[in-house]
Q: 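Quick one: this structure, given as structure tokens, is what I'll be asking you about.
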Amino acid sequence: MALKLGSLPPPHLSSSSTKPRNASFFGRSLVPPLADVSCSSASLGKSYARLSVTCTAQTVSTSISQGTPVRPTSILVVGATGTLGRQVVRRALDEGYDVRCLVRPRPAPADFLRDWGASVVNADLGKPETIPATLVGVHTIIDCATGRPEEPIRKVDWEGKVALIQCAKAMGIQKFVFYSIHNCDNHPEVPLMEIKYCTEKFLQDSGLNYHIIRLCGFMQGLIGQYAVPILEEKSVWGTDAPTRIAYMDTQDIARLTFLAMRNEKANKKIMTFAGPRAWTTQEVITLCERLAGQDANVTTVPVSVLRFTRQLTRLFQWTNDVADRLAFTEVLSSDTVFSVPMAETYGLLGVDQKDIVTLEKYLQDYFTNILKKLKDLKAQSKQTDIFI
């Protein structure tokens, strides 16, 4: 018995409608080959495609029944090997949740997740028929997944997410946590942000109980982008953009996520998590230089150059995906501040702002630890030289 995904009543679509309306964004249709109906969010002037995907997973018909009880502590983390996903897994395990991790089949298995105490199931959001079997016995889905840089943006972040939400609805998942991007509703010119916004609307209209959490930026991403190149005396790439980002430690994001999940007042809300302060690229580089005790070899790329590159890559079909990712230059040039006041959120979740890690503290801990290790390695090297 096959499970039909996409059979849910489309919101904002009259029952008398027989023709699907075209749903397109940024000049390219988001309707995949299997789509047979689309719906629009007319009040916002936006539209999004509702997929129709046939699932042939044979285990579904025998493993699921209406009203089958599941433990509230049973969660599925999608994208568990990523920067945020692994912190969500660690936090969930520490708090006593029964954690199942959905990861793509890969040559190098995610053994570290099993070592932590989680179970691992293989599935691919790009192959919707692999999804339903992973949801059996799950109470809550926490979606941390995003497409790989080499993939078309819509493959995972739109088509895959729609399929996942449809599966969750069809199989009676009790709660769905979706991570989005702050200000995604204000930048329809950026494909990934537009897709995030449309996925938010799709989830809201699905009938599922949800938490939508918009994020500004991860502190962890700054290590590879700035800290490591400075220590290795390599070029640090930056822009002359005035955009400010309130970076947050992914461990804090994970902690606040579980506080929100257990708070009934946070149900069916869109919340934004932001760090204590918003930083420009140059301010982050300056901070890293001070903590590392050495100057950075900074190569500044004007935003105008990135914008020109994006326009050039849009001319060719085989570089469309590159153009989509370069669309973030429009955000960089808009003097946008990726931050929000957090007092109300802290009050709702019962969090003391003093417990939120600042970027200064995060980077100071990193440089202190890494410089100590480098010093120890040099000392060991000198001892070895003496014995030789």
Side-chain angles (χ1 to χ4, degrees), residues 77-91 112 142-151 153 156-157 179-184 187 190 192-193 196 213-232 234-239 241-257 272-292 296-301 303 306 324-329 331-332 336-340 356-370:
V77 180
V78 185
T81 59
T83 302
L84 176 59
R86 62 183 60 199
Q87 296 299 338
V88 169
V89 171
R90 286 296 296 267
R91 187 75 195 186
F112 70 94
I142 303 180
D143 176 20
C144 310
T146 191
R148 295 167 178 164
E150 68 271 15
E151 293 178 320
I153 286 178
V156 169
D157 288 288
Y179 290 107
S180 187
I181 301 175
H182 178 52
N183 277 335
C184 62
H187 293 280
V190 180
L192 180 58
M193 297 182 78
K196 288 288 189 181
I213 300 174
R214 293 180 175 180
L215 304 175
C216 299
F218 300 157
M219 291 182 184
Q220 280 74 4
L222 301 177
I223 300 300
Q225 192 170 2
Y226 302 118
V228 172
I230 289 175
L231 289 172
E232 296 181 346
K234 295 181 179 179
S235 292
V236 174
W237 295 86
T239 69
T243 305
R244 309 180 73 87
I245 300 174
Y247 299 99
M248 198 170 197
D249 187 346
T250 52
Q251 293 186 23
D252 283 335
I253 294 173
R255 181 166 63 92
L256 267 58
T257 295
T272 298
F273 292 170
R277 173 189 164 185
W279 299 73
T280 65
T281 297
Q282 186 53 55
E283 288 173 340
V284 173
I285 293 174
T286 301
L287 176 61
C288 289
E289 287 178 320
R290 177 168 61 82
L291 295 173
N297 179 20
V298 182
T299 300
T300 301
V301 181
V303 173
L306 295 176
D324 285 348
R325 297 185 185 280
L326 285 172
F328 274 101
T329 58
V331 180
L332 293 176
T336 301
V337 177
F338 280 81
S339 182
V340 293
I356 302 299
V357 176
T358 64
L359 184 60
E360 296 98 321
K361 179 68 167 58
Y362 178 82
L363 288 176
Q364 184 179 36
D365 288 347
Y366 171 79
F367 279 107
T368 298
N369 291 332
I370 199 69

Q: State which residue, out of Leu359, Leu215, Ile253, fulfils the side-chain contact (heavy atoms from CB on, under 4.5 Å) condition with Met248.
A: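 It is Ile253; the other options fail the test.
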Q: Could you work out, with side chain to side chain contact (heavy atoms under 4.5 Å, CB included) as the rule, every residue matching Gln220, not counting sequence neighbours?
A: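 Testing Gln220 for side chain to side chain contact (heavy atoms under 4.5 Å, CB included), a comparison that skips the adjacent residues, returns Thr83, Phe218, Asp249, Thr250, Tyr362.
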Q: Please find the pair of heavy atoms, one from Ala296 and one from Ile285, that lie closest to each other, and give the distance.
A: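 For Ala296 versus Ile285, the nearest heavy atoms are CB-CG2, 4.1 Å.
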Q: Which atom names give the shortest non-hydrogen contact between Val77 and Gly85, and what distance separates them?
A: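 Of all heavy-atom pairs spanning Val77 and Gly85, the closest is CG1-O, 4.1 Å.
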Q: Can you tell me how far CZ of Phe273 sits from CZ of Arg214, rounded to the nearest 0.5 angstrom?
A: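 Answer rounded to 0.5 Å: 13.0 Å.
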Q: Can you tell me how far CD of Glu283 sits from CG of Leu287, rounded to the nearest 0.5 angstrom?
A: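 Answer for the CG-CD pair, Leu287 versus Glu283, is 9.5 Å.
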Q: Students often mix this up, so state it plainly: with edges at 30° and 60°, are the rings of His187 and Phe338 parallel, tilted or perpendicular?
A: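 If you compare the ring of His187 with that of Phe338, the planes turn out parallel.
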Q: Which heavy atom of Met219 sits nearest to which heavy atom of Val357, and what is that distance?
A: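 Closest approach of Met219 to Val357: CE-O, 3.2 Å.
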Q: For Ser339, what residues pass the side-chain hydrogen bond (donor to acceptor under 3.5 Å, both in side chains) criterion, not counting sequence neighbours?
A: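 None.
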Q: Name all residues meeting the salt bridge (Lys or Arg N to Asp or Glu O under 4.0 Å) criterion together with Arg255; count only those two or more places apart in sequence or in a different chain, and write none if there are none.
A: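 Asp252.
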Q: Taking all atoms of both residues into account, what is the closest heavy-atom pair of Asp157 and Gly147, and its distance?
A: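 Shortest heavy-atom separation between Asp157 and Gly147 comes out as OD2-N, 3.0 Å.
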Q: Testing the basics here: between Ala246 and Cys216, what is the closest heavy-atom pair and its distance to 0.1 Å?
A: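 So the minimum-distance heavy-atom pair works out to O-CB, 3.6 Å.
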Q: Checking Ala227 now: which residues fulfil side chain to side chain contact (heavy atoms under 4.5 Å, CB included) with it, not counting sequence neighbours?
A: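 Once residues adjacent in sequence are excluded, the partners of Ala227 under the side chain to side chain contact (heavy atoms under 4.5 Å, CB included) criterion are Ile223, Tyr366, Phe367.
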Q: Quick one: does Leu363's side chain get under 4.5 Å of Tyr226's, heavy atoms only?
A: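 In short, these two side chains do not touch, never coming nearer than 4.5 Å.
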Q: Pairing donors with acceptors under 3.5 angstrom, does anything connect the side chains of Tyr179 and Thr257?
A: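 Indeed, the side chains of Tyr179 and Thr257 share at least one donor-acceptor pair under 3.5 Å.
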Q: Side chain of Arg86, backbone of Thr81: donor and acceptor closer than 3.5 Å?
A: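 Yes: the side chain of Arg86 pairs with the backbone of Thr81.
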Q: Which is it for His182 and Val340 under the side chain to side chain contact (heavy atoms under 4.5 Å, CB included) test, yes or no, and what are the steps along the way?
A: CA-CA 9 Å; His182 178 52; Val340 293; 3.2 Å; yes
Q: For Ser180 and Lys196, work out which heavy atoms get closest and say how close.
A: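 Minimum heavy-atom separation between Ser180 and Lys196: OG-CB, 3.5 Å.
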Q: Side chain to side chain contact (heavy atoms under 4.5 Å, CB included) with Ala254: which residues, sequence neighbours excluded?
A: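 Result, side chain to side chain contact (heavy atoms under 4.5 Å, CB included) vs Ala254: Gln87, Val88, Arg91.
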Q: Sequence neighbours left out, what passes side chain to side chain contact (heavy atoms under 4.5 Å, CB included) with Thr368? Give chain and number order.
A: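 Testing Thr368 for side chain to side chain contact (heavy atoms under 4.5 Å, CB included), a comparison that skips the adjacent residues, returns Gln364.
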Q: Starting at CD1 of Ile181, measure out to CD1 of Ile213 and round the result to the nearest 0.5 Å.
A: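 Taking CD1 in Ile181 and CD1 in Ile213, the distance rounds to 14.0 Å.
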Q: Quick one, Leu256 and Ile356 - any side-chain contact, counting heavy atoms below 4.5 Å?
A: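 In short, these two side chains touch, coming nearer than 4.5 Å.
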